[in-house]
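Down below is the structure, laid out as structure tokens.
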Amino acid sequence: MDMKQHCVKLSVQPSRGLVDEKFTVLVQNLLPGFQLTIHALHQCEDGHSWEAFAHYTANATSIVNVSQDPSLGGTYSGVEPMGLLWSLRPVPGSKTGLRLRKMNVQTPMGVTISVYQGHQKEGFLDQVLLASVVVERWYMAPGVRRVPITEGRLTATLFLPSGPGPFPGLLDLWGWGGKLVEYRAALLASHGIASMALDYLTPKETGRMVDNDYFETAYRVLEQHPQILGSRIAMLGLSFGAGVTLRMAVYSKGLKLSCAVCINGSHVQPIDGPLEQIMTYFNKNVEKTRFDEDNQLICRDLMLPIPTDPSLKVDVGRLQCPLLLVVGEDDQNWPTYESAMDMREMMERAGNSHLLTVLSYKNAGHLIQPPFTPFTRASTFKSVTIPPFTMMALWGGELVAHSRTQEDAWRKTLVFLRENLYGDMKPGALFSNL
């Protein structure tokens, strides 16, 4: 059944939207029973191409609706409205160890959605193209302002929501990879929270790891900003950044957080001394690391068993603000689950467990990111240690379960932040469309 002369109609709505916003893919003017492949293609900023595809059969009304109809095969199966994004993977022939991350948040992530005749698996450039559209996925909603911050030795970027404010604030910390990573902070600002992405491992001013004063300086910048509510500031950290978040929330006299969010991190660390001492502690346990059958490095045993020595873990029993722990139970990089259970026990003994919320997800790995971010089970990772080293890190997780986790955890994280930052205030405009 040749459709080359048939006018197939493809629509994706909204064609411009935030990265955490669902879209609807609709293919019309087909013939009942017609077999087709819907293909997604994205070229990221480093020049590498990523693709996803799914096989469909038109129903009796000559339509395929990706939000309602099941994929019969491809990079995902079943009814998956956003499978064309979260199942994106490097195209055949790409180098190993790639990870898709948006570096310039002032431009959109462009994705070409195409329809091909038949159930195809490869060689899409040589196939019969029936229709194609380009969609834009943004981390910055209209009106969000990006403000580079350099005062006080900081290497940071502040994202301010649209409007006059004032807005609650948030410090956003990534992990061991260092560098200034902005996309999560930009997306949080698109949801009404003034967010500062902070490079604390490789800042331009020193080029080396910082001390507690650095985070207190960042906090003061938020606290004193005329468009930020100085009494309503949160801290969010992933991986090593989660450990720093816990450390500052408990021990810093210069921070008074309204709440904290920790994604796949641990409270295990020497509590006295600078951050560099934490690295030293991990290096002493380097013999606990191991490789899987694909020569991918597993680091989760570095901190196991969870120590009983109180000088080697943050005393979360002293925590005075609400804490949300997001836990991937298949995290192969950090002992996230064991750490969360120990923190729960510590807080129960101390009588402050009412401040703790744990979201724990089976078959989810380490890199829990905003919804529909392509799943990465393992990737090349360059350390910030001196000297630096590059390895193939195993993050863990399973494609579908991890993708479901990202969607659920993000939604609940936004609810947690709004409840604890806005309280009885009415949040500013929250953007669902561009």
Side-chain angles (χ1 to χ4, degrees), residues 16-20 39-53 75 82 84-114 122-125 132 134-140 146 148 155-157 159 172-187 197-199 201-204 207 238-241 294-297 333 365-385 387-397 399 402-403 406:
R16 300 180 71 236
L18 291 175
V19 293
D20 60 350
H39 180 260
L41 181 67
H42 168 67
Q43 186 176 52
C44 56
E45 292 152 324
D46 59 11
H48 296 287
S49 294
W50 294 62
E51 71 174 1
F53 61 91
T75 54
M82 301 303 293
L84 288 168
L85 290 188
W86 56 249
S87 72
L88 282 167
R89 63 190 187 187
V91 298
S94 299
K95 73 175 186 179
T96 59
L98 296 178
R99 175 182 171 190
L100 200 161
R101 305 182 85 184
K102 191 79 173 77
M103 300 312 295
N104 181 6
V105 296
Q106 297 181 95
T107 62
M109 174 183 174
V111 182
T112 302
I113 309 292
S114 304
E122 58 188 3
F124 288 96
L125 292 178
S132 182
V134 177
V135 299
E136 293 182 354
R137 309 290 291 175
W138 289 83
Y139 285 93
M140 288 178 66
R146 179 183 178 274
T155 298
T157 305
F159 291 89
D172 184 16
L173 275 58
W174 286 82
W176 244 340
K179 299 182 180 180
L180 186 59
V181 183
E182 298 181 348
Y183 59 88
R184 187 172 57 199
L187 189 57
L198 187 64
D199 180 0
L201 293 177
T202 53
K204 293 179 182 177
L238 168 75
S239 189
F240 189 74
D294 296 317
N295 205 35
Q296 297 168 342
L297 185 64
N333 196 245
H366 184 67
L367 299 177
I368 297 177
Q369 302 198 74
F372 321 130
T373 301
F375 170 66
T376 303
R377 180 169 172 81
S379 69
T380 303
F381 178 80
K382 185 176 181 179
S383 76
V384 296
T385 56
F389 63 91
T390 301
M391 59 184 178
M392 186 68 71
L394 181 64
W395 308 117
L399 173 63
H402 189 91
S403 300
Q406 292 189 146

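Nearest approach of Leu180 to Ala156, heavy atoms of both residues: CD1-CA, 3.9 Å. Heavy atoms only, all atoms of each residue included: Val111 and Ala40 are closest at CG1-CB, 4.0 Å. When all heavy atoms of Ser49 and Ser94 are compared, the pair lying nearest together is O-OG, 4.1 Å. Across Ser239 and Asn333, no two heavy atoms sit closer than the pair OG-OD1, 4.2 Å. Contact between Gln296 and Ala378 at its shortest, heavy atoms only, is NE2-CB, 3.5 Å. The minimum heavy-atom distance between Leu399 and Ser87, with the atom names listed, is CD1-CA, 4.4 Å.
Side-chain atoms of Gln406 come within 3.5 Å of backbone N or O of Thr373 as a donor-acceptor pair. Formation of a donor-acceptor pair under 3.5 Å by the Asp46 side chain with backbone atoms of His48 is found in this model. When atom types are taken as modelled, the side chain of His39 and the backbone of Ile113 share no donor-acceptor pair closer than 3.5 angstrom. Using modelled atom types, no side-chain atom of Arg146 and backbone atom of Phe159 make a donor-acceptor pair closer than 3.5 Å. No donor-acceptor pair under 3.5 Å is formed between the side chain of Asn295 and the backbone N or O of Leu297.
Every ring-ring contact (aromatic ring centres under 6.0 Å, His included) that Phe375 has, sequence neighbours left out, goes to His402. With sequence neighbours left out, the ring-ring contact (aromatic ring centres under 6.0 Å, His included) criterion links Trp395 to His366, Phe381.
Summarising the local packing, CD of Glu45 is surrounded by more than 12 heavy atoms from other residues, nucleotides or ligands at distances under 6.0 Å.
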Stepwise side-chain contact (heavy atoms from CB on, under 4.5 Å) check, Leu173 with Phe240: CA-CA 8 Å; Leu173 275 58; Phe240 189 74; over 6 Å; no
Are Gln369 and Thr376 close enough, and set up right, to give a side-chain contact (heavy atoms from CB on, under 4.5 Å), and what steps lead you there? CA-CA 10 Å; Gln369 302 198 74; Thr376 303; 5.9 Å; no
Could you go through Trp174 and Glu182, starting from their C-alpha distance and side-chain angles, then the distance that decides it, and tell me whether this counts as side-chain contact (heavy atoms from CB on, under 4.5 Å)? CA-CA 9 Å; Trp174 286 82; Glu182 298 181 348; over 6 Å; no
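Put simply, NZ on Lys95 and OG1 on Thr380 are 6.5 Å apart, with the number rounded to the nearest 0.5 Å. Between the CG atom in Leu394 and the CZ atom in Arg377 there is a gap of 5.0 Å [rounded to 0.5 Å]. Within the model, atoms CZ of Phe124 and CG of Leu41 stand 10.0 Å from one another, a figure rounded to the nearest 0.5 Å. Here the CD atom belonging to Glu51 is positioned 8.0 Å from the OG1 atom belonging to Thr75, to the nearest 0.5 angstrom. One distance of note links CE of Met103 with NZ of Lys179; it measures 7.0 Å at 0.5 Å rounding. Between the CZ atom in Arg184 and the CG atom in Leu238 there is a gap of 5.5 Å [rounded to 0.5 Å].
Between Tyr139 and Tyr183, the two ring planes are tilted [angle within 30° to 60°].
Applying the side chain to side chain contact (heavy atoms under 4.5 Å, CB included) test between Leu187 and each of Val105, Asp172, Val19 identifies Val19 as the sole match.
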